Amino acid sequence: MSQGEFSSMEDGRVDFPFPYQPYNIQLQFMQALYSALEQGKVGIFESPTGTGKSLSLICGALSWLTDYEERRKMEAAALLQEGEAALTTTVSSATSQSAEPDWITDFVQKKAERDLVSKLKDEEIKRKKREERLELIRNNVQLKYAMKRKSCEDDEAFKLLKQSKEEPTETEGNQEDEELIVAEYESDDESKTRSRCNGADDDTDDELVEDHVTKIYYCSRTHSQLAQFVHEVQKSPFSKDISLVAMGSRQNLCINEEVRRLGSVQRINDRCMEMQKNKHEKQHHEEGVKRKRSAAKSVCPYYKASVMQQMRDDILGSVHDIEQLLKLGKETRSCPYYSTRLAIPPAQLVVLPYQMVLHEATRKAAGVQLKGQVVIIDEAHNLSDTLSCIHSAELTGAQLCRAHSQLTQYADRYKSRLKAKNLMYIKQILFVIEGLVRVLGGKVGQNPQSQATTTGTEMLTINNFLFKAQIDNINLFKLQRYFEKSMVSRKLSSFVEKYAGSGVTLHTQSISNKENRRTEGLNRFLQTLQSNQSASQVLSTAQQVSAEAEKVLSVSPMMQVEGFFMALTNSNTDGRVVVHRQGHLSDSSVKFLLLNPAVHFAQLLKECRAVIIAGGTMQPVSDFKQELLFSAGVGEERITEFSCGHVIPPENILPLVLCSGPSGQELDFTFQNRDSPRMMDETGRILSNICNVVPGGVVCFFPSYEYARRIISHWEASGALTRLANKKKIFQEPKKANQVEQVLSEFSRCIQRCAADSSGLTGALLFSVVGGKMSEGINFSDDLGRCVVMVGMPYPNIKSPELQEKMSYLDKHLPHSGGRSPGQALIENLCMKAVNQSIGRAIRHLGDYSSVVLCDRRYSRPATLAKLPTWIKERTSTHATFGSAFAALRKFFLEKKQKQV
């Protein structure tokens with residue numbers, strides 16, 4: 001063990017390498033994690049932020065992986081020895097009795113043993129090669145064989161890269177726009193027959209395609225959280241021995257400036273695919289395929305098999321985060337996006353965003369294989385919502401009309417060159433789009449902004465929706481397969497981009513007049529934006545025009561339609577369609593809503609050896625188990641739970657439940673009472689008193705943006721805001737996400753200045769919103785968050801049709817418990833999850849201290865208190881009067897001040 005590492009070996013438990021003396025709760029966490037992985041469990045792990053959760057995950061999981069690999073190696077060696085011994089016995093027996101007719105029978109019976117020995121030998125050779133290669137990489141030895149590939153090496157690389165859904169190569173025909181024409185489409189039966197005749201390519205053994213070793217997939221919500229995790233791995237004792245791959249989207253990993261400039265994810269993806277296809281065409285041309293001369297098509301200079309292999313080896317040799325991968329890619333002139341994909345099979349730890357694991361199509365495209373592997377899902381408190389969002393889809397009337405217009409023009413232009421089957425499917429797509437527009441109360445072929453619709457929201461089952469749209473006679477499954485195989489969305493996107501200024505209308509208006517179509521291209525549309533002369537004709541305000549232009553340029557409407565079809569065909573009984581009419585067709589929408597996320601989580605749970613769901617605050621856990629695990633068919637015996645306290649001493653946290661304010665006003669922030677002037681005034685008095693005794697920063701969370709706006713406006717009018725500003729400088733959560741850093745920086749600087757100059761101000765007060773930009777992922781450590789105030793209970797909008805449908809679904813499919821229906825439990829759990837995320841922002845390390853003030857008498861209910869994190873719940877005191885709570889708060893901070901002195 002290297003210097004500075006720490007390990008524990010007590011009571012026969014596992015020895016965990018650790019960079020420093022771990023907390024006792026970290027040892028417990030790692031032991032529980034090791035056991036869960038060893039036994040193939042589904043684990044729900046809760047460890048408060050500030051307790052070293054990431055490092056515990058790393059050291060616990062990688063300790064298990066190291067031991068597992070060592071054990072497998074020893075078992076394989078023992079099996080090989082036994083098998084060879086058995087074969088020797090068989091051979092000698094067969095030789096001595098060769099005159100007997102039954103020796104052939106013995107030989108056949110032993111075939112399985114010979115096959116096993118052969119397989120074990122192959123695996124041992126592969127494993128040794130892999131270990132030797134990694135050793136060479138880590139010692140910075142140049143791999144000469146990698147640079148001496150045969151001329152077919154690119155073809156071999158592309159076999160692996162098929163997982164990224166590149167387009168099939170167009171090698172036939174030399175007509176204009178050949179690359180835009182949808183290739184001849186085969187039915188499923190035809191393609192199966194052909195593949196049988198030709199033989200399968202995918203299993204071809206080549207040097208580039210490696211077996212997937214046992215690995216751990218670690219996923220989290222944001223790239224910053226993933227980067228933080230990678231930095232923790234770099235600091236861990238495993239940093240020199242682990243092969244780690246950090247994955248991301250093209251938007252995050254592309255280093256081709258021409259492509260990066262396109263901005264939107266979809267346009268970057270499309271351009272990258274086009275460049276790959278151009279590379280294929282160039283190769284075929286070089287191989288002697290005669291083609292007509294045409295303008296040179298750009299290929300990506302970073303997409304070369306030899307340099308990508310070299311970068312793959314560099315990635316496996318040492319731990320890199322996304323920023324370091326970009327730097328390495330630029331230095332070696334190699335594509336980080338595809339190099340990381342090449343590195344997945346031999347990697348031991350793959351770090352990637354949620355969607356790459358939770359969404360099946362994305363998973364396959366990325367080359368992620370889950371069979372027998374371990375998945376750790378961190379920051380998993382919103383896992384159910386995340387799964388639902390990933391598998392939901394929404395289409396606006398404007399998108400539908402634009403998609404119909406573009407596909408109509410595409411079919412008109414190339415109808416003489418499209419095969420009959422393609423024309424048939426294109427007509428079906430147009431027919432379905434017309435039906436969707438009809439459901440919204442509009443018609444295709446007319447400007448969606450000038451079409452009025454009746455306002456209202458309707459919730460339909462998928463079958464009822466298909467009947468209402470009059471498209472129930474269309475086989476959507478076949479249509480979805482056509483989208484995937486023909487790549488018509490991508491072809492259409494390229495067509496629109498190429499002809500935007502010469503006859504293709506992006507901004508859909510009436511398309512019946514051919515003359516109009518010739519003059520209504522994107523260039524004309526952009527000119528109206530620049531000149532501002534006729535902007536009002538396009539949209540009502542310049543801002544709306546600008547927003548619409550951005551939308552037109554960045555999103556392919558047919559891609560959105562394809563996504564909607566995919567959602568519709570993924571699930572039937574567990575899905576609903578929300579038809580939302582907004583007064584105008586352009587603003588109206590159809591949305592697919594997934595009610596049962598377990599449908600898509602079940603496959604992951606079934607394939608993986610073990611799944612760990614981890615978070616700083618996982619309470620309440622009951623809905624995780626019911627919604628995602630039991631509903632996916634996981635038995636209670638496979639589930640294990642671990643929850644630990646905080647590392648801080650109990651006296652460093654003071655959680656208070658306030659049932660009434662300074663004037664005796666009962667605190668009841670129900671929807672009926674919270675807008676009363678008396679309630680708003682009382683809240684202002686509570687905050688004013690808190691700011692008098694709490695040093696540094698106070699963060700106040702409101703249940704919604706609308707309520708925050710109303711109560712702050714009331715305080716401005718009553719003078720309460722001015723009184724608050726006399727004690728602490730006031731900051732508000734910004735409306736735009738890109739302004740968060742600036743506000744936090746100013747908030748922090750203000751608190752530091754106030755602590756240094758001891759003037760009138762004692763710090764700063766930040767107004768924030770539960771579930772907003774400040775309630776997750778932001779740390780208010782030390783003086784930044786000495787008190788967190790929660791105003792009311794942030795229940796979701798129960799009038800939402802989506803939420804009502806979800807509650808109804810749960811009530812029908814899940815058991816009732818504790819006198820509450822599953823729908824009611826969902827509402828309460830959503831509320832308390834949001835509260836727990838917000839109040840967990842303040843305590844961030846061992847020496848930190850903070851107070852939490854929950855302003856609402858409803859927090860005093862035993863069932864509600866039970867849903868607080870254990871380490872907070874155990875210290876929470878309920879106060880019927882404000883005086884006792886205020887005295888406890890003042891005493892808490894006086895004691896902390898005296899200790900510092």
Side-chain angles (χ1 to χ4, degrees), residues 384-385 387-401 403-404 425 427-444 448 451-483 557-558 560-600 602 627 631 797-814 821-823 826:
S384 182
D385 291 341
L387 277 161
S388 295
C389 288
I390 286 173
H391 294 95
S392 295
E394 188 169 14
L395 281 173
T396 65
Q399 287 172 326
L400 285 165
C401 288
H404 189 279
Y425 276 110
K427 282 179 181 176
Q428 283 189 13
I429 294 169
L430 290 170
F431 179 76
V432 170
I433 292 173
E434 285 172 30
L436 298 183
V437 172
R438 197 162 46 241
V439 164
L440 291 175
K443 292 181 180 178
V444 296
Q451 294 189 60
T453 61
T454 309
T455 56
T457 301
E458 200 174 357
M459 182 78 63
L460 301 164
T461 63
I462 293 176
N463 285 339
N464 287 347
F465 172 73
L466 298 179
F467 279 118
K468 192 175 180 71
Q470 298 172 21
I471 54 173
D472 51 298
N473 59 329
I474 300 290
N475 187 327
L476 289 182
F477 291 92
K478 279 193 171 184
L479 215 53
Q480 177 57 29
R481 278 196 293 274
Y482 177 74
F483 267 116
M558 192 55 73
Q560 304 296 109
V561 172
E562 183 179 349
F564 187 76
F565 281 12
M566 185 182 287
L568 279 182
T569 52
N570 268 343
S571 173
N572 193 343
T573 56
D574 301 310
R576 298 287 183 274
V577 178
V578 186
V579 179
H580 196 41
R581 300 184 192 89
Q582 291 274 65
H584 283 91
L585 177 60
S586 58
D587 301 323
S588 301
S589 64
V590 285
K591 180 181 181 182
F592 172 80
L593 183 67
L594 179 69
L595 297 176
N596 182 16
V599 169
H600 296 287
E627 263 197 84
S631 296
N797 178 14
I798 201 164
K799 292 182 179 177
S800 155
E802 288 96 331
L803 189 56
Q804 286 183 344
E805 191 68 21
K806 175 89 172 177
M807 289 170 68
S808 174
Y809 178 85
L810 294 178
D811 287 343
K812 285 177 190 170
H813 293 85
L814 296 185
S821 72
L826 170 72

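Note that this is a predicted model, so its numbers are computed, not measured.
Salt bridge present: R581 and E458 bring a charged side-chain N and a carboxylate O closer than 4.0 Å.
A side-chain contact (heavy atoms from CB on, under 4.5 Å) with Q582 holds for exactly one of T455, L440, D587; it is D587.
Under the 3.5 Å distance criterion, the side-chain polar atoms of T457 are left unmatched by any main-chain donor or acceptor of H580.
Defined by atom type and a distance below 3.5 Å, a donor-acceptor pair is missing between the side-chain atoms of T569 and Q480.
Residues C401 and L585 share a closest heavy-atom pair of SG-CD2, 3.8 Å. Taking every heavy atom of both residues into account, L593 and S392 meet most closely at CA-OG, 4.0 Å. Nearest approach of A398 to P448, heavy atoms of both residues: CA-CG, 4.1 Å. Taking all atoms of both residues into account, the shortest heavy-atom contact from T396 to S586 is CB-O, 3.7 Å. In terms of heavy atoms, L814 sits closest to S631 at CD2-OG, 3.6 Å. Listed here is the closest heavy atom pair of E627 and S384: OE1-OG, 3.2 Å.
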Would you please test V444 and L430 for side chain to side chain contact (heavy atoms under 4.5 Å, CB included) and show each step?
-> CA-CA 10 Å; V444 296; L430 290 170; over 6 Å; no

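In this pair, H391 and H600 present their aromatic rings parallel. The plane angle is below 30°, not in the 30 to 60° band. Ring planes of Y482 and Y425: parallel class, angle under 30° (limits at 30 and 60°).
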